[in-house]
Asks: 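I have a structure here, written as C-alpha cells, and I will follow up with some questions on it.
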Amino acid sequence: MPQVTLESAIAGPSQCPAAQGYDYLIVGAGFAGSVLAERLAAGMNRSVLLIDRREHVGGNAFDHYDEAGILVHRYGPHIFHTNAARIVDYLSRFTEWRPYEHRVLAEVEGRQVPIPINLTTLNILYGLAMDEAQAQAFLAQRAEPVASIQTSEDVVINQIGRELYETFFRGYTRKQWGLDPSQLDRSVTSRVPTRTDADDRYFTDRFQLMPLQGYTRMFERMLDLPTIDVLLGTDFEAVRDRVTYRHLVYCGPVDEYFGYCFGQLPYRSLRFEHTTLEQEWFQPVAVVNYPDEAVPYTRITEYKHLTGQEHRHTSITREYPCAEGDPYYPVPRPENAELYKRYKALADETPGVTFLGRLGTYKYYNMDQVVGQALAVYQRIAQAAGMTLETHEIEPG
Ligand code: FAD
Ligand code: UDP
C-alpha cells in the first residue's frame with residue numbers, strides 16, 4: 001500500500017509526478033472509499049489519492065492486534081454477511097474467508113437467552129416446552145395489531161406484544177439511540193427478526209464469513225496498487241485547496257462537507273471500553289446484549305469467537321452509546337430524512353463531487369451494502385467512460 005506524505009501528495013501522484021494532479025481525491029478509507037479507489041485504479045487505471053483523518057485504513061471495520069496479541073475490532077464487532085454472491089466474489093480477490101455464523105445472547109432477568117427471540121428464548125423465559133406451532137400461537141396471542149406501522153415500537157409490538165418488547169427492545173433501543181423506539185423509524189428494530197423455530201443465528205444471509213486474516217489485511221491488499229496513494233492522519237480540510245484533483249469522492253459526513261449550512265444531521269456515537277482478561281474465555285458467544293436500562297452499556301463482544309484465534313487470554317469490548325464523538329450511526333427518523341433530503345439536493349447540484357458511504361449518504365448501511373453502493377458508482381463512472389465491465393461488476397436490475 002503506497003503511503004505518501006502531504007508534501008508528496010501536493011506534488012502529485014507518486015507514480016507519475018509529471019501528471020497535473022490526481023484523477024480522483026477520495027476522502028475516507030473505509031469500505032466506500034477503498035472499494036471505489038481499488039476499482040478506479042485497477043479497472044480504469046486512474047490515479048487516486050485516498051485520504052483518511054484516522055491513522056489507518058478500513059474505516060470502522062479496522063481491526064488490529066492489541067497489546068496481548070489478540071485480534072480486536074477497534075470500533076465494535078464487524079460481522080460480514082450478505083446474500084449477494086457478486087460482493088463476496090469481489091472481496092474474495094483480497095481475502096480468504098473463515099466461515100462464521102453469528103450468535104447473540106441477551107441477558108434478561110439474570111439469564112442469557114437467544115436474541116433474535118426464538119423458540120428457545122420463549123421456552124426458557126416462560127418455563128414452557130412449546131413446539132413451533134405452539135410458539136406461533138403464543139406470539140399471535142400476545143401480538144398487539146397496530147393499524148399503521150410507522151415506528152420501531154409499532155413494528156415490535158405488532159409482532160410480539162408489549163411485554164417482550166419491553167424485555168428485549170425498549171431499554172436496549174433507548175440506550176443505543178438516546179431515543180424511545182416510538183421516536184425511531186420502523187427500519188431500526190426491523191433489523192432484528194422474531195422466530196418461532198430454534199434457529200439461533202443472528203443473520204440468515206446466504207454468505208456469513210469473516211476475513212481470514214482480518215479486515216485490515218483485506219484493505220491493505222485491496223489498496224496495494226501503484227496508482228493509489230494513501231495519505232493517513234489527514235483531514236480533508238488540510239488537502240482541500242492544496243492538492244490538485246479532477247474529481248472528489250467524499251465518504252465523510254455530508255453535512256460537515258457543506259459546513260452544516262442547514263444544521264447538523266444527528267449521528268449516534270459510541271465509547272468503546274476494551275479490556276484484556278487473564279482467562280481463556282469470558283462468555284459463551286461473540287456478543288451478549290444487555291437490554292436492561294440499568295446497565296450502562298448495550299453489549300459485550302468477545303473477539304476470539306469471531307476470529308477463531310487461539311490464545312490463553314481473551315479481549316472484550318463494552319459499548320457505551322453517547323451523543324458526542326465519532327459519527328457511527330445515522331439516526332433513522334422522519335425529520336432527519338427530511339434534513340438529509342436538503343443536503344442531498346445540494347449534493348446533486350455540486351459538480352465534480354460524489355458522496356458515498358454510510359456518512360456521505362446518511363444511510364444505516366451494513367458493510368455489504370456499502371460495497372454494493374461503491375461498485376454501483378464505479379459501474380456508472382466506467383460506463384460513462386465507455387468501459388466494458390466484467391459480469392460481476394454489473395449491478396443486477
Ligand atoms: P466508515 O467506515 O465510517 O469510513 C469513513 C471514513 O471517512 C472514516 O475512516 C473517517 O475517519 C473518514 N473521514 C470522515 N470524514 C473525513 C474527513 N473530513 N477527512 C478525512 N477523513 C474523513 N456492518 C456489517 O455489515 N456488519 C456488522 O457486524 C457491523 N457492525 C457494526 C458495528 C458498529 C459498532 C458500527 C458503528 C458499524 C457496524 N457496521 C457493520 C457498519 C459498517 O461499519 C459500515 O457499513 C461500514 O464501515 C461503512 O463504511 P464507510 O466507508 O461508508 O464508512
Ligand atoms: N435491538 C434491541 N435489542 C437487541 C438487539 C437490537 O432493541 O437485543 C434494536 C436496537 O434498536 C438496535 C436495532 O435493534 O439498534 C438493530 O440491531 P442491530 O443488532 O442490527 O444493531 P447494530 O449491530 O447495527 O448496532
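Every value quoted in this text rests on a predicted model; they were computed, and no experiment measured them. Count residues from 1 along the sequence. Counting starts at 1 for both ligands and their atoms, following the listed order.
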Asks: Considering only heavy atoms, which of Gly28, Gly59, Ala29, Gly30 lies nearest to atom 7 (O) of ligand 1?
Replies: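 That would be Gly28.
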Asks: Taking only heavy atoms of Met367 into account, list the atoms of ligand 1 that are under 4.0 Å away from them.
Replies: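 Counting atoms of ligand 1 from 1, those under 4.0 Å from Met367 are 23 (N), 24 (C), 25 (O), 26 (N), 42 (C), 45 (O).
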Asks: Within the 4.0 Å heavy-atom shell around Gly252, which atoms of ligand 1 are there?
Replies: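 The list of qualifying atoms is 14 (C), 15 (N).
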Asks: Is Arg299 in polar range of ligand 1, meaning some N or O pair under 3.5 Å apart?
Replies: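 Among all N and O atoms of Arg299, none is under 3.5 Å from an N or O of ligand 1.
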Asks: Give a yes or no on whether Gln141 atom CD has more than 12 heavy-atom contacts from other residues, nucleotides or ligands under 6.0 Å away.
Replies: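 For Gln141, atom CD is not crowded (no more than 12 foreign heavy atoms under 6.0 Å).
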Asks: For Ala32 and ligand 1, does the shortest N/O to N/O distance drop below 3.5 Å?
Replies: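 Ala32 vs ligand 1: N/O contact under 3.5 Å present.
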Asks: Under 3.5 Å between some N or O of ligand 1 and some N or O of Tyr329?
Replies: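 Not met; the criterion fails.
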Asks: Look at atom 40 (C) of ligand 1 and say which protein heavy atom is nearest, naming residue and atom and giving the distance to 0.1 Å.
Replies: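 The closest one turns out to be His78 CD2, 3.7 Å.
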Asks: If you have a sec, work out which protein heavy atom is nearest atom 27 (C) of ligand 1 and how many Å separate them, to one decimal?
Replies: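 Nearest protein contact, heavy atoms only, for atom 27 (C) of ligand 1 is Ile79 N, 3.4 Å.
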Asks: Which atoms of ligand 1 have any heavy atom of Val27 under 4.0 Å away?
Replies: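 Checking each atom against Val27, I get 16 (C), 17 (C), 19 (N), 20 (C), 21 (N), 22 (C).
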Asks: For the pair Tyr362 (side chain) and Val331 (backbone), establish whether a donor and an acceptor sit closer than 3.5 Å, ignoring hydrogens and angles.
Replies: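 Here the side-chain-to-backbone pair exists.
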Asks: Could you work out, for atom 49 (O) of ligand 1, the closest of Phe62, Phe272, Phe31 by heavy-atom distance?
Replies: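 Nearest option to atom 49 (O) of ligand 1, by heavy atoms: Phe31.
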Asks: Just heavy atoms, cut-off under 4.0 Å: does Tyr257 contact ligand 1 by side chain, backbone, both, or neither?
Replies: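 None of Tyr257 does.
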Asks: If you measure from each heavy atom of Arg170 to ligand 2, is any distance below 4.0 Å?
Replies: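 No; Arg170 lies far enough from ligand 2 that no heavy-atom distance drops under 4.0 Å.
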Asks: Among protein heavy atoms, which lies nearest atom 34 (C) of ligand 1, and at what distance?
Replies: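 Ranked first by proximity to atom 34 (C) of ligand 1 is Tyr75 O, 3.3 Å.
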Asks: At less than 4.0 angstrom from any non-hydrogen atom of Thr234, what atoms of ligand 1 do you find?
Replies: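 Here the atoms of ligand 1 in question are 20 (C).
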Asks: Check Tyr365 against ligand 1 and report side chain, backbone, both or neither, counting heavy atoms closer than 4.0 Å.
Replies: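 Contact part for Tyr365 vs ligand 1: backbone (N, CA, C, O).
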Asks: For atom 1 (P) of ligand 1, what's the nearest protein heavy atom and its distance?
Replies: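 The closest one turns out to be Asn60 N, 4.0 Å.
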Asks: Within the 4.0 Å heavy-atom shell around Glu256, which atoms of ligand 1 are there?
Replies: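 Near Glu256, meaning under 4.0 Å from one of its heavy atoms, ligand 1 has 18 (N).
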Asks: Could you name the option among Ile51, Asp52, Ile26 that has the heavy atom nearest to atom 6 (C) of ligand 1?
Replies: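 Answer by nearest heavy atom: Asp52.
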Asks: For ligand 1, does Pro77 get within less than 4.0 Å through its side chain, its backbone, both, or neither, judged by non-hydrogen atoms?
Replies: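 Just the backbone.
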Asks: Any N/O of Phe236 closer than 3.5 Å to an N/O of ligand 1?
Replies: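 For ligand 1, there is an N or O atom that lies under 3.5 Å from one belonging to Phe236.
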